[in-house]
Structures are given as structure tokens and as C-alpha cells.
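Accompanying notes for the structure given below.
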There are 2 protein chains.
Amino acid sequence: MPYLTKSAPEPEPLDCRVLTAALDLFVEHGFHNVSVHDVQKESSVSIGSIYKHFGGKEGVAKALYYHLINEFEEMVNAVLEDEMTNRERCNKIIALLFEYSETRRNIISYMLHSKHREFLPSEPPICSSTPFIMMRDIVLQGIEAGEIRNGSPWVVAASIFGGAIRLIHLRLDGLIDEPLTNLYDEHINCMWQGMSGDISLESKDYKSSTN
Amino acid sequence: MPYLTKSAPEPEPLDCRVLTAALDLFVEHGFHNVSVHDVQKESSVSIGSIYKHFGGKEGVAKALYYHLINEFEEMVNAVLEDEMTNRERCNKIIALLFEYSETRRNIISYMLHSKHREFLPSEPPICSSTPFIMMRDIVLQGIEAGEIRNGSPWVVAASIFGGAIRLIHLRLDGLIDEPLTNLYDEHINCMWQGMSGDISLESKDYKSSTN
DNA sequence: GTCTATACGCTGATAGAC
DNA sequence: GTCTATCAGCGTATAGAC
């Protein structure tokens with residue numbers, strides 16, 4: 001297996017090396033705790049080139065941001081092109097997010113677990129980006145088709161994806177030891193069938209007006 | 001109404017002024033975009049005193065962090081002392097979180113919407129703090145009592161609170177225009193009764209193993 | 001115990017050689 | 001087009017006066 005030797009230098013383009021290094025550093029230390037010099041060392045690309053190509057640290061973060069959003073959008077697009085119900089599409093997206101959380105942890109961490117507004121104040125929040133809007137649209141179509149219960153778009157969308165996103169956060173924060181892929185089936189059941197136990201207590205539910 | 005005039009200086013203690021100013025600044029600009037000088041100006045407390053009392057910017061952030069966690073813990077404690085089912089307790093906590101998101105936005109934002117690990121790397125993540133563990137325990141007791149469906153603790157807890165937390169995030173990011181308190185009833189129904197529509201499609205649910 | 005003025009280090013950014 | 005050496009500015013932290 002001669003190709004496994006380190007003698008052959010990686011043909012990876014400069015951009016890719018910088019973005020990969022930046023992703024790892026930003027996720028591990030946080031954007032503000034990483035200097036351009038750190039990116040330089042990690043990527044083995046000189047500071048001058050980084051400024052030439054990206055215009056600075058913010059430029060790197062922005063390029064990374066849109067690169068990952070595009071990848072995510074392609075993922076959602078692939079799900080849209082598959083022949084299945086909207087309900088199944090929701091499940092598929094959750095399954096893919098869980099898989100990515102395990103296999104490409106940093107990508108998910110940068111997309112779902114960072115506060116971009118702090119270092120990219122001029123960019124819109126990630127939840128208003130195309131792939132997230134597409135996810136909401138899938139939900140809306142599911143409602144129209146009668147596959148998903150009716151309700152205000154945001155409430156329904158948050159109820160469907162909120163639990164999964166919460167699990168991802170807990171997993172990334174190290175509170176959940178088990179791979180999320182193991183929890184998928186159970187989570188999906190909880191989400192679609194509701195959290196009620198044996199005892200029916202609907203009439204006693206707490207209302208916001210009560211004290 | 002003589003007390004409404006500005007002539008009478010606020011008797012607020014120094015600590016309180018600093019923490020209030022820091023909360024507002026941190027939430028608006030992010031921890032790393034706020035200098036100690038900014039806190040000084042906003043709180044009208046001198047830099048020397050800030051360093052004397054808190055030991056620096058990190059100290060302020062840490063004090064604020066634990067102060068808010070304590071407040072939150074008291075809130076959860078109050079819910080625990082009330083006579084109601086664990087299921088109602090979950091609802092009550094969500095109702096309170098929604099109310100706080102509207103009336104004390106910055107507190108919720110700092111607790112649920114910041115990445116503390118970036119500026120307080122030695123502190124445990126917020127979801128492992130006492131009040132969050134208490135919330136999970138309420139869920140566990142609800143499962144034992146048969147009020148809540150059985151399952152792995154984290155999955156069940158994430159399914160119950162994940163949607164609410166997601167709504168809070170969306171509201172704080174400006175995507176939801178309506179006050180969350182208006183969405184409470186609908187969200188609670190979604191969460192307990194599940195997201196299934198009219199058509200029963202359980203058999204076709206997507207499994208993680210499938211492709 | 002409270003404040004002002006100052007120093008030091010780090011980081012983002014650039015200019016100019018190759 | 002790529003890199004190295006250097007600069008300027010900001011932000012933390014402190015020392016010392018009141």
C-alpha cells in the first residue's frame with residue numbers, strides 16, 4: 001500500500017486545508033480563542049495567503065459557514081428528491097443529523113452548536129438559512145398531506161426537530177455517552193406518538209394563564 | 001411622584017450594577033466583544049473595583065453564570081414544592097421559561113443561548129447544572145408514576161423540553177414574531193400527544209439502518 | 001474600599017521580498 | 001501568487017493615589 005506512506009504530499013488545495021484547520025480549531029477553542037497564527041500553523045498555509053484568499057479571520061469563518069450550509073442544503077435536497085412521504089423525510093433528516101453528529105462531529109458542532117452572530121454579526125442566523133427553511137417547508141407539506149398534525153408552522157417544526165437538536169446538543173456537550181444513532185428509533189417514537197404515559201391526564205394539564 | 005425623579009441616586013449595590021450591565025452587554029455583543037472598559041462605562045463602576053470584586057472579566061461572567069443558575073434553581077424548586085403531578089411540573093417549567101423569554105429576555109438568552117464553554121472553559125456545561133438535573137429527575141419520577149411514557153432518561157427529557165427550548169432559540173433569533181406565551185397551549189399539546197397527522201404511517205417510519 | 005493612569009502582551013493586519 | 005518580518009491598536013491587568 002504505497003499510497004499510505006507520508007512521503008507523498010497531500011494534493012489538497014490551499015482553501016480546503018485552511019477551512020479544515022479552521023473548523024477544527026474553531027470548534028475546539030471557539031472563534032475568539034483562535035488567532036490567525038493558529039490557523040496558519042494548523043493548516044501550514046502562510047498568513048499572507050490566508051489574508052489574500054479570505055481577507056482575514058472573519059472571512060475564513062464566513063467561507064466555512066457557507067460551505068457547510070451548502071453541504072447541508074445538498075443533504076436536504078437529496079432527501080427531497082427521494083420518493084417518500086414528508087413524514088419519512090423528517091425522519092430521514094434526523095437520522096442523517098444523528099449520523100453526522102457521530103462521524104463528522106465538528107461539522108455539526110459548527111453548524112448547530114456555535115453562536116455565529118457573535119463573530120459574523122452581519123450574517124443571518126443559521127435557522128433562517130435555506131436548508132432550515134426547506135425543513136420547515138417539508139413540515140408544511142406534511143401538514144397539508146395530513147401526515148403531520150396541523151398547527152402553526154414554527155410550533156410544529158420545533159416539535160418535530162427540537163428534540164433531535166436537543167439530543168445533539170447534549171451529545172456534543174458530553175452528557176450523553178451513547179451514540180445518537182442508537183437512540184434514533186426511540187426518539188422517533190417519542191416525537192410522533194407523544195410523551196404521555198399510561199395515565200391520561202390531559203384535563204389537568206397546566207395552562208399558561210394559571211398560577 | 002418625587003421618587004421617579006432622577007435626582008435620587010439608585011441605592012443598588014455595586015455587585016448588582018456590574019452584573020446587570022454585564023448581562024446586557026454580553027447578551028447584546030457577546031462576551032468576547034465586550035471589554036472591561038465597556039462594563040465600566042455601562043455600570044458606572046470603576047475598573048479597579050471590578051477587578052477587586054470579580055477578579056476580571058471572566059470573574060464577572062462566572063459570577064453572573066452562577067447567579068442566574070441559582071435563580072433558575074429556585075424557580076424549579078418552587079415548582080417542585082407545589083402540589084401537582086410531575087407532568088404538570090414539566091408544563092409549569094415550560095410555561096415559566098416562555099414567560100421569562102418574554103419578560104426577562106436577557107436572562108434566558110445568557111442561560112440558554114450562549115456558549116459558556118468558550119469563555120468559561122473550566123465550568124461544566126449548563127445542561128449538567130443542578131436545575132437541569134432536577135428537570136430530568138422530574139421526568140424520571142413522572143415515568144415511574146406512569147404519567148410520562150417510559151424510555152431512556154435523556155431521550156424522554158429531550159423530547160419533553162427540546163421543543164420548548166427550540167422555540168425559545170427561534171424566538172431569541174428573531175424568527176418568531178409572536179410571544180411564546182401565545183404558543184404555549186399548542187406546543188404542550190404537540191409534545192404530549194405527538195406529531196402524527198390523520199393518516200397512520202407508523203409502519204413506514206424511516207429507520208436509521210435503512211438507506 | 002474606590003478610582004485613575006499606565007504598562008505589557010497579544011492579535012489582527014500589512015508591506016514588501018521572492 | 002506565496003511567504004516573512006514588522007507595525008499599530010486594543011484589551012487585560014496592575015500599581016499607586018485618594
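Residue numbers start from 1 in every chain, and the chains themselves are labelled A, B, ... in the order their sequence lines are given, proteins ahead of strands. Since the structure is predicted, the reported quantities are computational estimates derived from the model, not experimental observations.
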Can you measure from CG (A:Asn150) to CE (B:Met195) and round to the nearest 0.5 angstrom? 9.5 Å

Between P of D:dT12 and NE2 of B:His32, the distance in whole Å: 10 Å

How are the rings of A:His169 and A:His113 set relative to one another: parallel (under 30°), tilted (30 to 60°) or perpendicular (over 60°)? tilted

Nearest whole angstrom, please: distance from the P of D:dG11 to the CD1 of B:Ile50. 14 Å

On the 0 to 90° scale, with breaks at 30° and 60°, tag the A:Phe31-A:Phe119 ring pair as parallel, tilted or perpendicular. parallel

Here the distance between atom C1' of D:dT6 and atom NE2 of A:His37, to the nearest Å, is 11 Å

Using whole Å, report how far CG of B:Asn33 lies from P of D:dC10. 14 Å

Is a salt bridge present between A:Arg17 and A:Glu42, judged by a nitrogen-to-oxygen distance below 4.0 Å? no

Presence of salt bridge, A:Glu118 and B:Lys115, under 4.0 angstrom: no

Between the opening five pairs and the closing five pairs of the helix from C:dG1-D:dC18 to C:dC18-D:dG1, how far apart are the helix axes, to 10°? 0°

Heavy-atom closest pair, residues B:Ile148 and B:Val139: CD1-O, 3.9 Å

In whole angstroms, the gap separating P of D:dA13 from NZ of B:Lys57 amounts to 9 Å

First and last nucleotide of DNA chain C in contact with chain B, 5' to 3', at under 4.0 Å to a heavy atom: what are they? C:dT2 to C:dT4

Please state how far atom CD1 in A:Ile47 lies from atom P in D:dA5, giving the value in whole angstrom units. 12 Å

Heavy-atom pair with the smallest gap, counting every atom of B:Glu178 and B:Glu102: O-OE2, 4.5 Å

With sugar-phosphate meaning primed atoms plus P, OP1 and OP2, does A:His53 contact a base, only sugar-phosphate, or nothing at under 4.0 Å between heavy atoms? sugar-phosphate

Sugar-phosphate only, base, or nothing, as touched by B:Val39 at under 4.0 Å among non-hydrogen atoms: nothing

Gap between atoms CG and C1', on B:Asp38 and D:dC10 respectively (whole Å): 11 Å

Test of ring centre spacing under 6.0 Å for B:Phe132 and B:Phe161: no

What closest approach, in Å, do B:Cys127 and B:Ile133 show between heavy atoms, and which atom pair accounts for it? O-CD1, 4.2 Å

